[in-house]
Amino acid sequence: MSTPTSVPLQSEIPPARAIILTRRLSDRVFRGVVTAGGFVSLIVLGLIALFLASRSIDIFKTFGFGFITEFKWDSGDPDNGIPPVLGIGAMLIGTIVTAVVGLVIALPVSVGMALFLEYYMPIRLKKSLTMVIDLMAAIPSVIFGLWGFFVLMPHAIYWAKLLHKYFGWIPFLDVQAPIFERSPFIAGLILSIMIIPIVTSISREVFSQVPLDRIQAAYALGATRWTMIKAVVLPFGSSGIAGGAMLGLGRAMGETVAVYLVLNLYFQPNFQVLFSAGGSVASMIVTKFGEAGQLELQGLMAAGLVLFIVTLIINFLSNMIVKRTSRTGN
Amino acid sequence: MSDVMEFEGNKDNISTKAYLEEAVSQPEISSLASVASHHSAPGSQPLGTGLEARGVHAWFGKHHALADVNLDFPAGTVTALIGPSGCGKSTFLRTLNRMHEFIPGAAMAGEVLLDGKDIYEPGTDVTKIRLKVGMVFQKPNPFPSMTIAENVLSGLKLAQLKTTNKDDLLEECLHRAGLWNEVKDRLKAHGGSLSGGQQQRLCIARALAVKPEVLLMDEPCSALDPGSTLKIEETVRQLIESVIVVIVTHNMQQAARVSDYTGFFLSDGGPGQLIETAPTSEIFSRPKDPRTEAYVTGRFG
């Protein structure tokens, strides 16, 4: 017995057709061009990683994991039988310390700036101020470095002394000797100015996506602008801010020249941010590059590889956080 | 004709002169809503002198959206605003609690009197106005980062009010919104976990928690199923004991079910106008204006 609505017999079901899309020549050419462009950037990235890895493979064979954990950078003296010891532990710690100092300073400024731009600024001025902030990102880092060294540092030393005087009881604001020049604090200050544009721009982007009906709901309940921001905008934007902060952190960790000019590199881990001793993998590479021997050069390549991987991971994480925010919208 | 008001940041639009000329050229159709005073809702209490719109005009940039609306909202009543899309009824609603000015380019003229005081008077604290004139939106919009309980009490936090007993207020507001029995066991759940109809009643409870004198509802049921719609209508009928309700609706049966008075808005291509206002039974049985009759009998709109 068969009704018209019953499932057709297996033999009656036709095989699925192949759907073939015939593209025009112009479309194929354009497709080829953009595909090539896309692949070139990927290939370049891959080749850089490959180059660094091949040049530094011997270092990792020789020093193993110690290259990352060791606090000593000594090319040794083969004539007197002193073996070389290369380790970037102190530099890695220093990189994180300066970047975190920079982020701690930049984050409140950036979030405040983004809130101001999005919710307080008159609309006509908003565009021009946004442009000025984006322009800040275009200033070459050597300019920041020079300005930091000649203009900011004298002031920053005074602020550091004040901080030490009144908050010196906090371990990381203590100093082992009263030397305040070229400290992680000063490097962090410069870094914070350099990452404010990116953190501001991402925070602003997230704030502009807050659903209008939630904002109106808050206002209709008698909210002031600030209570509305606390109840609606910040909960919505929190993970976006986190993503922006991570991106800023990634940039701060890779920054080279500016930090090179205002930070005293020292191969011991130092958590006293006001004291004149710090580390930065990127700046160390620049510092040592000129006078490096064969082995040291390989060491610098290995340091570059480590920095490359760390910043890649941080950028990847931050992208993921930002994307997840904009997708769920909550 | 009162002064045209422009809102901050929107100075780039039309001149005052253009406003006035346009406004004057409008035929004076709308009659002052001389709503029957014998009609009074059961159990109504003295609630101040209520809400009153006088000669309200509204603009979006150069677009004149609403012309010369005069309407009274007496205490203890529900007023329905009906009319086809684009007739300015939602715009009018938003002038009543100063939500109109959030739209870029928005301007208005006329007066809105709450307990006899113009809410557009310079120096008025707009947050206080919105506390007294609450609003429920078309789309349910609970705060997704907050629990059900936090949503209901969010107005207290937003307006920085103090209450002695939050639990009592929470229960009272959820009861009045007809939601208590459904959520009493999961007050800590997130607002987004409720159904659309429940979310809308949560929004009503949230609006009631700040003890408004007036509740504006902008098509509160248009996104909801018939069952939820009915529940909200029951809620509205119970609210009139303590609040004046103004409800915009596209659903004429709804207007007939919930409201004491009905105002009919229409735009003939120009700005929207209030064509007629009367006790709801009269609007639907003996409308004075032929255009009202055409609309309520379903011949257009």
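Worth saying up front: this structure is predicted, and the values here are computed from it rather than measured. Protein chains get the first letters and strands the later ones, always in sequence-line order, with residue 1 at the start of each. Below, each value reflects all heavy atoms present in this structure, side chains not excepted, and no hydrogens, waters or symmetry copies.
Between M135(B) and A220(A), the shortest heavy-atom contact is CB-CB, 3.9 Å. Closest approach of Q160(B) to T224(A), counting heavy atoms only: OE1-CG2, 4.4 Å. Across all non-hydrogen atoms, the minimal contact from P235(A) to S145(B) is CB-OG, 3.6 Å. Heavy-atom minimum distance, D213(A) versus K139(B): OD2-NZ, 3.4 Å.
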Set out, in order, the CA-CA distance, both residues' side-chain angles and the distance that settles side-chain contact (heavy atoms from CB on, under 4.5 Å) for V232(A) and F143(B), then state yes or no. CA-CA 7 Å; V232(A) 177; F143(B) 300 121; 3.5 Å; yes

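Residue Q216(A) holds its CD atom at 9.5 Å from CZ of R130(B), rounded to the nearest 0.5 Å. Atom OG1 of residue T127(B) and atom CG of residue L221(A) lie 11.5 Å apart, to the nearest 0.5 angstrom. Note that CZ of R98(B) is 13.0 Å distant from OH of Y219(A), once rounded to the nearest 0.5 Å.
Contact annotation for K157(B): only backbone heavy atoms (N, CA, C, O) come within less than 4.5 Å of a heavy atom of chain A. Interface remark: E150(B) contributes no atoms to any contact with chain A (heavy atom separation under 4.5 Å).
The local environment of OH in Y120(A) is crowded, with over 12 non-hydrogen atoms from other residues, nucleotides or ligands closer than 6.0 Å. Within 6.0 Å of the CZ atom in F30(A), the count of heavy atoms belonging to other residues, nucleotides or ligands does not exceed 12.
For the options S154(B), P142(B), C203(B), A159(B), heavy-atom pairs under 4.5 Å to chain A are most numerous at A159(B). Counting heavy-atom pairs closer than 4.5 Å to chain A, the top-ranked of the candidates R206(B), K132(B), K128(B) is R206(B).
Using modelled atom types, no side-chain atom of N141(B) and backbone atom of R214(A) make a donor-acceptor pair closer than 3.5 Å.
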